[in-house]
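So the structure is just underneath, and the comments pick up after that.
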There are 2 protein chains.
Amino acid sequence: MFKVNKLTDYATVVMVDLVSADLARPSQKIANNTGIPYPTVNKLMKDLLQAGLVRSHRGINGGYSLASPAHKITIADIIQAVEGPIALTSCVNNSLDKCSYENFCAVQGRWNRVNKAVVKALKKVTVADMT
Amino acid sequence: MFKVNKLTDYATVVMVDLVSADLARPSQKIANNTGIPYPTVNKLMKDLLQAGLVRSHRGINGGYSLASPAHKITIADIIQAVEGPIALTSCVNNSLDKCSYENFCAVQGRWNRVNKAVVKALKKVTVADMT
DNA sequence: CCTAAATAGTACTAAATAAGTACAGTATTA
DNA sequence: TAATACTGTACTTATTTAGTACTATTTAGG
Ligand code: FES
Ligand code: FES
């Protein structure tokens, strides 16, 4: 199947939940709001934080909040945060791993075009659109 | 990672190889041309055949050929042939499985928009473009 | 009609990836 | 200083993908 990770799906749900947060919202509360298990939310937040999509605040009254306005965070951002660089095949430019057929392959580099088209499509939809 | 199956990647290589085939080309020859292992080619052809992307001919001098002109076969077609319907999440309309959060989910149905955008992008690139 | 070439279908095994869980550590505020 | 909540890492299990094997069926040609 051609699909995003379940965690990416969850991440969008989390991001949408955070849209309505005025102050920092703890993982526990996010879990309650969304129905996503607490440990899973916890794991997600680490990825979203590292990618700079959310801000965190420790201690009592701590929690997470969006790092940018909802209409500036795209689905592409969320996918990249959770799953790493978007590379439909391993012979796409920004892929982490290397294609083993590269030496004698007939479609060498052609996937770049497809990849760009998909990324462009994913950048068009924002968290605000998902609300 | 957000990516297509390796088999899908191989499938495009196979399709591109078939562009240059005047008569039916056997799996074995496709394997030789592309460097993809023979058993794997064999497996692929079954999927491509079922999806109607190639035509087959049995017996001596048999083999496979494209069912339509190269510029009419899209990357979306190939992905669907190998991986089934394109459904980025399980709550997308044409998905085979059902989303378990559907009852209380905040982004319910919103992925349809993303999915459509991606499919549209994948339909824009054809086998001819990959040659 | 018989044989060799080649596809068609099914089922199994092994490898890779994703999902879920656990836990010890650190910062913050009341 | 105690309670709250994030941070980081590592582990286990489940699921999916990739690869392999084998049998049956069809076709062309001698
Ligand atoms: S499949 Fe990777 S270079 Fe062709
Ligand atoms: S994640 Fe499937 S309905 Fe929301």
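Below, all heavy atoms of this structure are taken into account, side chains as well, without hydrogens, waters or symmetry copies. The sequence lines fix the lettering, A, B, ..., with proteins before strands; numbering per chain opens at 1.
Residues A/Ile36 and A/Val13 form a side-chain contact, since some pair of their non-hydrogen atoms from C-beta on lies under 4.5 Å apart.
Annotation: the span from A/Leu7 atom CG to A/Leu44 atom CG amounts to 5.5 Å, rounded to 0.5 Å. The OG1 atom of A/Thr12 lies 12.5 Å from the CG atom of A/Asp129; values are rounded to the nearest 0.5 Å. The distance from the SG atom of B/Cys91 to the CZ atom of B/Arg110 is 11.0 Å, given to the nearest 0.5 Å.
Straight-line distance from the NZ atom of B/Lys3 to the C1' atom of C/dA18: 12 Å, rounded to whole Å. Between the C1' atom of C/dA5 and the CD1 atom of B/Ile30 lies a distance of 15 Å, rounded to the nearest Å. As a whole-Å value, the separation of A/Asp9 CG from C/dA18 C1' is 14 Å. Protein atom CG of B/Asn5 is 12 Å distant from nucleotide atom P of C/dT17, rounded to whole Å. Between B/Met1 atom CE and C/dA19 atom P there is a gap of 12 Å when expressed in whole angstrom units.
Applying side chain to side chain contact (heavy atoms under 4.5 Å, CB included) to B/Val127 and the options B/Thr74, B/Val16, B/Leu53 leaves one that passes, B/Val16. The only option from B/Asn33, B/Thr34, B/Thr131 that meets the side-chain hydrogen bond (donor to acceptor under 3.5 Å, both in side chains) definition with B/Asp17 turns out to be B/Asn33.
Contacts classified as side-chain hydrogen bond (donor to acceptor under 3.5 Å, both in side chains) and involving residues 51-70 of chain B (residues at least two apart or in different chains) are not found.
Shown for residues 44-59 of chain B: residues whose heavy atoms fall under 4.0 angstrom of DNA chain D, namely B/His57, B/Arg58, B/Gly59.
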Using the side-chain hydrogen bond (donor to acceptor under 3.5 Å, both in side chains) rule, take B/Asn5 and B/Thr8 through it: C-alpha gap first, then chi angles, then the decisive distance, then the call.
-> CA-CA 5 Å; B/Asn5 288 356; B/Thr8 303; 4.8 Å; no
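Summary of the strand contacts: B/Asn61 and A/Leu7 both lie near DNA chain C, and taking for each the nucleotide with the nearest heavy atom, the more 5' one is attributed to B/Asn61. Mapping A/Lys43 and B/Ser27 onto DNA chain C by nearest heavy atom places B/Ser27 at the nucleotide closer to the 5' end.
Classification of A/Asp77 and A/Lys123 as a salt-bridged pair fails, no side-chain N sitting under 4.0 Å from a carboxylate O.
Contact annotation for A/Asn42: base contact, defined as any heavy-atom pair under 4.0 Å involving a base atom.
Here the range on DNA chain D touched by chain A, meaning any atom under 4.0 Å from one of its heavy atoms, is D/dA3 to D/dT17.
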